[in-house]
Every structure is written in C-alpha cells, then in structure tokens.
Protein chains: 2
Amino acid sequence: MRIGELARLSGLTPSRIRFYERIGLLKTVDRQSNGYRTYPQQAVMILGLVTTAQRAGFTLDEVRTLLPSDLTHWDHATLMDALTRKIADIEALQARLAQSRVHLLRLIEDIQARPNDMDCAANAHRVLTNMLAEHPKALDVTSDDIRLLDATDRRQSVSPARRKKTVSR
Amino acid sequence: MRIGELARLSGLTPSRIRFYERIGLLKTVDRQSNGYRTYPQQAVMILGLVTTAQRAGFTLDEVRTLLPSDLTHWDHATLMDALTRKIADIEALQARLAQSRVHLLRLIEDIQARPNDMDCAANAHRVLTNMLAEHPKALDVTSDDIRLLDATDRRQSVSPARRKKTVSR
DNA sequence: GCTAACGTTGAACATAAGTTCAATGTCAAG
DNA sequence: CTTGACATTGAACTTATGTTCAACGTTAGC
C-alpha cells in the first residue's frame with residue numbers, strides 16, 4: 001500500500017503521515033524501487049491508535065515512548081502507569097475548569113447585583129475590586145495537560161484565506 | 001511609575017507588559033523625556049484584569065475586544081454575552097474531558113479483562129480492535145476553547161538549559 | 001508522447017503568548 | 001568617572017503539530 005491509500009484508509013493526510021515518520025513516531029518504512037513508501041496493512045491500525053491516543057490527551061511524544069515496535073508486545077506496566085496518570089491529569093483539569101466556571105458565574109451575578117443607588121462607573125469599580133481580590137493563586141496543573149485539549153481541534157486547520165491577520169511583530 | 005515597578009506590582013515581567021502594548025492590548029503609554037514608559041496607578045488594575053481573564057480562559061484577542069479604554073465604561077451587553085459564551089465553552093470542554101476519562105477507564109478495564117486462556121499478543125489484538133471500533137467521531141469543540149487550558153501553564157516557561165532537544169526538522 | 005494524478009524532498013509558514021538577546025541609552029550612588 | 005541597575009528597540013527564538021510550497025521524479029491512461 002502506498003501513502004495515498006494509507007491516507008484514505010486512516011483518514012489522515014499524507015503530509016501528516018510523513019511528518020509522523022520524520023519525528024520518529026513511525027519507524028522508517030520500506031520503499032519501492034522508485035522511492036515510494038510502501039506500508040503493510042497494519043499501518044492503518046497503528047495510525048488509528050495514534051489518533052485515538054491523541055484524542056485521549058496524549059502528546060505525540062508520549063505516544064512515541066509508549067508505542068512498541070511490535071504491536072503485540074506492549075510494555076504492560078508502563079502503559080498502565082501512563083493511562084492511570086493521564087486519568088489523574090484529566091481529573092486535575094476538570095477541577096480547574098469547574099473552578100473557572102463558578103468564577104465566571106459569580107462574576108455575572110456580581111455584575112448584575114448593582115445596588116440601585118450606585119451608578120455604572122462605581123459598580124464597575126466595585127466588581128473589579130471584588131474580582132481582583134479573590135485571587136486564589138490558581139490551581140497548578142502541569143503543562144503537559146494542555147495537550148488534552150488540543151487533540152481534536154488543531155487538526156482541522158483554518159484555510160489560509162480566512163486566517164486572522166497577525167499582528168506585526 | 002516606570003515599567004519595572006509596574007512589573008513588580010502586577011507580578012508580570014516587563015517584557016510581557018511591553019508585549020501587551022505591542023499587540024494593542026494596552027494603549028500606547030506616556031513617556032518620560034528619556035523615552036521611559038510612565039504608567040498611572042490604574043495600570044496595575046488593568047494588568048490584573050487581563051491575567052484574571054486569561055485564567056478564566058479568554059484569549060488576549062478576546063480581552064482586547066472586551067476591554068474598554070475607560071475602565072469605568074464597559075460595554076455591558078457585549079461583556080455579558082462573552083461571559084455567557086465562555087461558560088458554555090467551559091461546559092463543552094467538561095463534557096469532552098468526562099468522555100476522555102471514561103474512555104481511558106474503560107480501556108484499563110478492558111486490558112485487565114484478559115481471558116485466562118488468551119495470550120498477551122491475542123489480548124493486545126482484542127483490546128486494539130475494541131478500541132478502534134468505538135470511534136464516536138469525537139465531540140466537536142471549537143478551537144477557541146483550547147485556550148481555556150493554556151492560561152496558567154505556558155506562563156512559567158522552562159529554562160533553556162533543561163529544554164527537551166527538538167527533533168531536527 | 002502528453003497529461004493528470006501521485007510520489008519525493010527540504011524549507012518555510014502557521015498559531016498563541018510570550019522570552020531572550022544584542023546593541024545601546026540613562027541614571028543614581030560611590 | 002566608573003559601576004550596576006534599569007530602560008529602550010527590533011529580531012529571533014520557543015512549543016506542538018502539522019500544512020503548504022516549490023521543484024522535481026514516476027506512472028497510468030489516452
């Protein structure tokens with residue numbers, strides 16, 4: 001199977017498959033005499049595995065260290081450990097999101113709770129002061145956890161035409 | 001107040017404050033005759049507001065469009081709308097995280113549920129097949145929502161010395 | 001033999017939110 | 001008058017995950 005067919009079967013783009021090979025996530029693949037890559041059937045499953053892991057919040061780096069060269073020969077202990085830690089990461093994130101959510105809800109309430117005898121400017125000042133006062137120094141979550149959100153989103157990138165123009169830097 | 005003091009009072013770095021000015025988040029500031037920036041007391045509150053909004057999941061772009069030039073004169077309707085939508089975003093993310101979490105829990109269970117008469121290789125195949133079979137085409141969340149996780153994390157960047165070496169590209 | 005579709009490569013670009021650096025200027029204290 | 005702390009600027013760099021492009025080679029069908 002050549003890269004185009006693998007792309008169709010896996011739902012990934014050829015460039016993405018080549019990219020995975022380039023960063024060492026996929027081991028170097030066989031070539032035809034013309035230089036074309038040739039993949040075994042199994043490659044579809046490997047790619048499916050990678051995207052599934054990504055959706056679950058694993059980085060490509062993590063996938064690379066977990067993925068064995070032989071799909072039937074996993075490092076059971078390491079894998080279980082990684083899965084368990086990823087669940088803990090998710091739970092930490094859930095806590096942070098819950099915090100943000102109540103924070104915003106309280107803010108909305110606070111804005112609407114303007115005393116009748118207070119003008120908008122004074123209310124703005126009151127709300128701001130309240131807001132900046134509650135500053136619980138934020139829950140700390142490791143930066144690895146950011147990836148949990150990237151999964152499905154970065155994937156369908158915006159076409160160049162409707163990209164926001166960047167600030168001159 | 002010069003930039004160093006503002007940095008101390010706000011907890012941000014001077015480079016970050018200059019960066020905010022550069023992207024138009026902070027309006028151009030007064031200068032002393034030597035070219036040094038001079039900030040009013042209010043600047044501390046503005047910066048506090050920006051970081052608070054970031055922690056709540058707003059991008060700098062969003063903050064820029066919401067932040068009025070006069071802190072006492074907010075666009076009430078637009079602000080409320082943005083807050084409400086941000087809460088909805090958070091809830092969508094919570095749903096996605098909950099999904100990922102049960103997905104991982106089920107995977108762990110499935111791995112451990114190896115029938116006694118099945119060898120590891122066959123079990124690996126069974127688990128993989130199960131996993132790739134449940135492919136609910138993922139919840140769709142807008143890419144804006146990624147930012148919700150970035151907030152507190154990207155901030156404390158790793159020192160150059162212990163940075164992971166990048167793959168040659 | 002031409003054309004379209006596919007393949008190859010390396011390099012550059014994109015995002016978001018900054019940091020880091022080099023070259024240079026200013027200022028207060030000793 | 002020198003030293004150290006602070007300020008200025010523009011440019012380049014960072015992370016992670018790819019996409020896009022240009023220049024070129026291969027192959028199948030007509």
Side-chain angles (χ1 to χ4, degrees), chain A residues 1-8 12-23 25 29 31-39 50-51 54 57-64 143-169, chain B residues 1-8 12-23 25 29 31-39 50-51 53-55 57-64 143-169:
Chain A
M1 174 177 12
R2 290 180 307 183
I3 200 167
E5 194 184 355
L6 178 59
R8 246 174 296 111
L12 309 192
T13 60
S15 74
R16 192 167 159 193
I17 298 172
R18 290 196 202 96
F19 171 72
Y20 285 171
E21 184 182 339
R22 189 147 49 93
I23 63 173
L25 178 57
V29 76
R31 302 291 187 125
Q32 289 172 335
S33 54
N34 52 15
Y36 287 13
R37 292 170 176 80
T38 313
Y39 297 91
V50 170
T51 58
Q54 278 191 289
F58 289 88
T59 67
L60 294 181
D61 240 49
E62 289 172 318
V63 175
R64 176 174 38 211
S143 75
D144 286 339
D145 302 323
I146 300 176
R147 229 40 53 199
L148 281 165
L149 270 292
D150 269 358
T152 38
D153 304 311
R154 188 106 61 180
R155 211 150 314 314
Q156 64 262 347
S157 86
V158 182
S159 82
R162 56 173 298 273
R163 246 170 196 145
K164 288 176 215 158
K165 47 179 180 285
T166 38
V167 171
S168 97
R169 311 172 42 165
Chain B
M1 173 175 17
R2 289 180 307 183
I3 201 168
E5 194 185 355
L6 177 59
R8 246 174 296 112
L12 309 191
T13 59
S15 75
R16 195 167 158 192
I17 298 172
R18 290 195 202 98
F19 171 72
Y20 284 171
E21 183 182 340
R22 187 148 48 95
I23 65 172
L25 178 56
V29 74
R31 303 290 186 125
Q32 289 171 337
S33 54
N34 53 14
Y36 288 13
R37 292 170 177 81
T38 313
Y39 297 92
V50 171
T51 58
Q54 277 189 289
R55 285 215 315 283
F58 288 88
T59 66
L60 294 181
D61 241 46
E62 290 172 317
V63 175
R64 175 173 40 213
S143 74
D144 285 339
D145 301 324
I146 300 176
R147 225 45 49 201
L148 280 164
L149 270 292
D150 269 0
T152 38
D153 305 311
R154 188 108 61 183
R155 214 149 311 312
Q156 65 259 348
S157 85
V158 182
S159 83
R162 55 173 299 274
R163 244 170 198 146
K164 289 177 212 153
K165 47 178 179 285
T166 37
V167 172
S168 98
R169 309 176 44 171

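Lettering of chains follows the sequences in order, A, B, ..., and the numbering in each one begins at 1.
Taking the side chain of B/Thr59 as heavy atoms from C-beta on, and the options D/dA7, D/dT20, C/dA17, the nearest nucleotide is C/dA17. In the set D/dG25, D/dT27, D/dT17, D/dG25 carries the atom at the smallest distance from any side-chain atom of A/Tyr36. Taking every side-chain heavy atom of B/Leu60 into account, C/dG18 is the closest of D/dT19, C/dG18, C/dT8. Listed nucleotides: D/dA7, C/dT20, C/dT8. Nearest to the side chain of A/Arg18: C/dT8.
When the P atom of D/dA7 is taken as reference, atom CZ of B/Arg22 falls 17 Å away, rounded to whole Å. Straight-line distance from the CE atom of B/Met1 to the P atom of D/dA7: 12 Å, rounded to whole Å. D/dT19 atom C1' lies 14 Å from atom CD1 of A/Ile3, rounded to whole Å. Remark: C1' of C/dT26 and CD of B/Gln32 are 10 Å apart, rounded to the nearest angstrom. Remark: P of D/dG18 and CD of A/Glu21 are 15 Å apart, rounded to the nearest angstrom. Following rounding to the nearest Å, B/Phe58 (CZ) and C/dA16 (C1') show an atom-to-atom distance of 17 Å. For A/Asp61 and D/dA16, the CG to P distance is 7 Å, given to the nearest whole Å. When rounded to the nearest whole Å, the span between CZ of A/Arg64 and C1' of D/dA16 equals 11 Å.
Annotation: the span from B/Leu6 atom CG to B/Ile17 atom CD1 amounts to 4.0 Å, rounded to 0.5 Å. Remark: B/Arg16 CZ to B/Ile3 CD1 distance equals 12.5 Å, nearest 0.5 Å. Interatomic distance, A/Leu25 CG to A/Ile23 CD1, rounded to the nearest 0.5 Å: 5.0 Å. For the atom pair B/Arg2 CZ and B/Arg37 CZ, the distance stands at 13.0 Å (nearest 0.5 Å).
DNA chain D is contacted by both B/Arg37 and A/Arg2; B/Arg37 maps to the nucleotide lying nearer its 5′ end (nearest heavy atom per residue).
Not one side-chain nitrogen or oxygen of B/Arg16 sits closer than 4.0 Å to the OP1 or OP2 atom of C/dT19. Contact annotation: A/Ser15 side-chain N/O to D/dG18 OP1/OP2 distance is not under 4.0 Å. When the side-chain nitrogen and oxygen atoms of B/Arg31 are compared with OP1 and OP2 of D/dT9, one or more of them lie within a distance under 4.0 Å. Side-chain nitrogen and oxygen atoms of B/Thr13 include at least one within less than 4.0 Å of the OP1 or OP2 phosphate oxygen of C/dT19. The shortest distance between the side-chain N/O atoms of A/Gln54 and the OP1/OP2 oxygens of D/dG18 is below 4.0 Å. A sub-4.0 Å separation between OP1 or OP2 of D/dT8 and a side-chain N or O of B/Asn34 is absent.
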Under the criterion side chain to side chain contact (heavy atoms under 4.5 Å, CB included), I'd like the reasoning laid out for A/Leu60 against A/Phe19: C-alpha separation, chi angles, the key distance, then a yes or no.
CA-CA 11 Å; A/Leu60 294 181; A/Phe19 171 72; 4.1 Å; yes

